[in-house]
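Single-structure report; data block below.
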Amino acid sequence: MTLSRVMGSFAALAIAAVSMRSGVYAWLALPYGGLANAMCQFDCGWYERIAVAGYGANAEWADFGSYPHWAFFPLYPLVVFIAHHLLAIFAPSIPALAVGMGLSAAALCGFAILGARYLRETRSAWHPLLWLIVAMLFPYGFFFSAVYTEALFAMLSTGALLALQQKRFLLAACFCALASATRPTGILLTPILAIDRLVALWRGRHRLDRRALLGETLLPIAVAPLGLFVYMLYQYSQVGDALAFSHVQVLWHRQWGNPFTHIWDGLLAWDFTVLLGSPSNAYAAVCAIMALAAATWLAIRRHGAEAAFLAGCILLPAASGLDSLPRFVGANPVFLFAVYDLATRLIGQRRQPAFLMGFAAVLAGLQAVLLLAWFRAEGGVF
Amino acid sequence: MRLPVWLPLAVAMLLLGFELPMLAIGLFGAQVSPAYRAFFIERRTDLWAGETIPTPGNQDWVRISR
């Protein structure tokens with residue numbers, strides 16, 4: 001069977017899995033006021049407000065309209081805004097939250113498919129079904145269905161890594177640009193692309209067509225951070241501060257410092273007992289250490305771009321505090337690649353169907369526990 | 001049809017000509033009120049609890065309600 005047919009079958013399977021997952025979520029959410037209501041916790045309100053009413057002050061939205069929300073990057077709410085207005089032509093009463101969840105589901109499909117293709121090209125062992133289980137059932141994977149940027153960011157960053165692997169540098173740069181307009185950590189893909197291109201430029205310094213090579217090198221490097229810079233221009237025009245997205249973090253008690261100090265202090269806090277009620281610094285620190293261990297493992301396995309991206313996605317937010325780190329780790333696409341790697345080693349010579357079923361059952365159980373805690377807005381483990 | 005070899009370089013220069021000044025403006029060129037600068041940029045978070053901090057350029061504003 002050709003690769004395109006295999007990928008076609010995988011895509012159909014991924015769409016079916018996402019649909020089934022959404023159905024199970026809807027069923028679990030029945031006692032909590034329905035799926036859209038139950039899934040919309042914490043930062044979801046900010047994205048909904050930006051998608052419906054844009055940035056800026058708006059007294060109709062209480063705190064969502066008066067607190068500065070420039071920390072929330074624009075691509076995800078912008079796509080929800082466009083899709084919401086297009087869908088409103090056919091279904092005028094469709095809520096923005098439903099559109100946001102639909103967008104997240106579509107992005108999750110895209111992430112699963114691009115991830116399968118990426119793993120096919122970068123790993124010696126390829127188990128598409130195992131990857132699908134990891135992508136759909138990893139405990140923190142329920143964020144891929146929420147009105148959060150997780151699914152879109154996972155799809156775009158995986159697209160960038162895949163295009164880089166395939167040496168389609170301009171395409172990789174476009175993915176990087178979109179990722180940098182989705183989340184602050186999207187900008188971390190730019191130095192990865194830039195180093196790759198500058199090494200190629202150095203190696204080709206004696207070529208006759210050096211000028212063409214220079215253009216081919218600089219163009220992706222210039223395109224990659226474009227999403228962030230356009231957002232900076234917008235903020236400068238609106239607020240007078242191009243770095244407002246960073247400066248307003250002070251309202252979430254985020255202060256820049258040494259990420260390793262924050263992680264160490266979090267461990268020393270040893271406050272696991274508060275986990276069910278409120279965020280635990282020690283739990284967040286353990287999650288960060290697991291991600292850094294995974295990044296080290298990936299670096300040893302010569303997946304340098306993945307290792308750098310995963311480490312950056314942890315250390316950049318950890319530099320300003322430990323809030324939300326379990327989510328940043330558990331819904332990070334590269335961390336899921338590392339989980340997949342671990343699972344392929346575990347599967348070894350075992351009977352695959354039994355292992356896959358057991359693995360899927362354990363992940364699904366843990367995801368259900370976290371999802372129900374999410375529905376109850378018990379924020380300690382997020 | 002092959003694109004001229006100078007075109008990617010020209011586009012890259014154009015984009016960098018936008019991005020590098022934007023970076024400099026971000027780092028050094030904030031056009032904000034003293035209250036905004038003190039609270040958000042200098043991070044003197046002991047100030048202005050309960051106040052509204054206006055930002056220039058439009059109707060945007062910040063209510064510090066901690």
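Sequence lines set the chain letters: A, B, ... in the order given, protein chains first and strands last, and positions in each chain run from 1. It should be emphasised that the depicted structure is a prediction, and the values quoted were computed from it without experimental measurement.
- Under the side-chain contact (heavy atoms from CB on, under 4.5 Å) rule, A:Phe229 has a single partner from B:Leu15, B:Leu20, B:Leu23, which is B:Leu23.
- Between B:Ala30 and A:Asp241 the shortest heavy-atom distance is CB-OD1, 4.1 Å.
- Nearest heavy-atom pair across B:Glu19 and A:Leu226 is OE2-CD1, 3.3 Å.
- Proximity to chain B is absent for every atom of A:Leu228, based on heavy atoms less than 4.5 angstrom apart.
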**OP:** Show your reasoning for whether side-chain contact (heavy atoms from CB on, under 4.5 Å) applies to A:Val239 and B:Gln31.
**Re:** CA-CA 8 Å; A:Val239 189; B:Gln31 302 286 319; over 6 Å; no

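- Taking all atoms of both residues into account, the shortest heavy-atom contact from A:Ala222 to B:Ala12 is CB-O, 3.8 Å.
- Contacts with chain B were tallied for A:Val230, A:Val248, A:Leu233; A:Leu233 has the most, counting heavy-atom pairs under 4.5 Å.
- Contact annotation: the side chain of B:Met13 approaches that of A:Leu218 to within less than 4.5 Å [non-hydrogen atoms, C-beta and beyond].
- Residue B:Leu27 touches chain A through both its backbone and its side chain, counting heavy-atom pairs closer than 4.5 Å.
- Between chain A and the options B:Gly26, B:Pro4, B:Ala10, the largest number of non-hydrogen pairs under 4.5 Å is found for B:Gly26.
- To the nearest 0.5 Å, atom CH2 of residue B:Trp6 and atom CG of residue A:Leu214 are 15.0 Å apart.
- Annotation for A:Arg205: atom CZ counts as buried by contact number, over 12 foreign heavy atoms lying within 6.0 Å.
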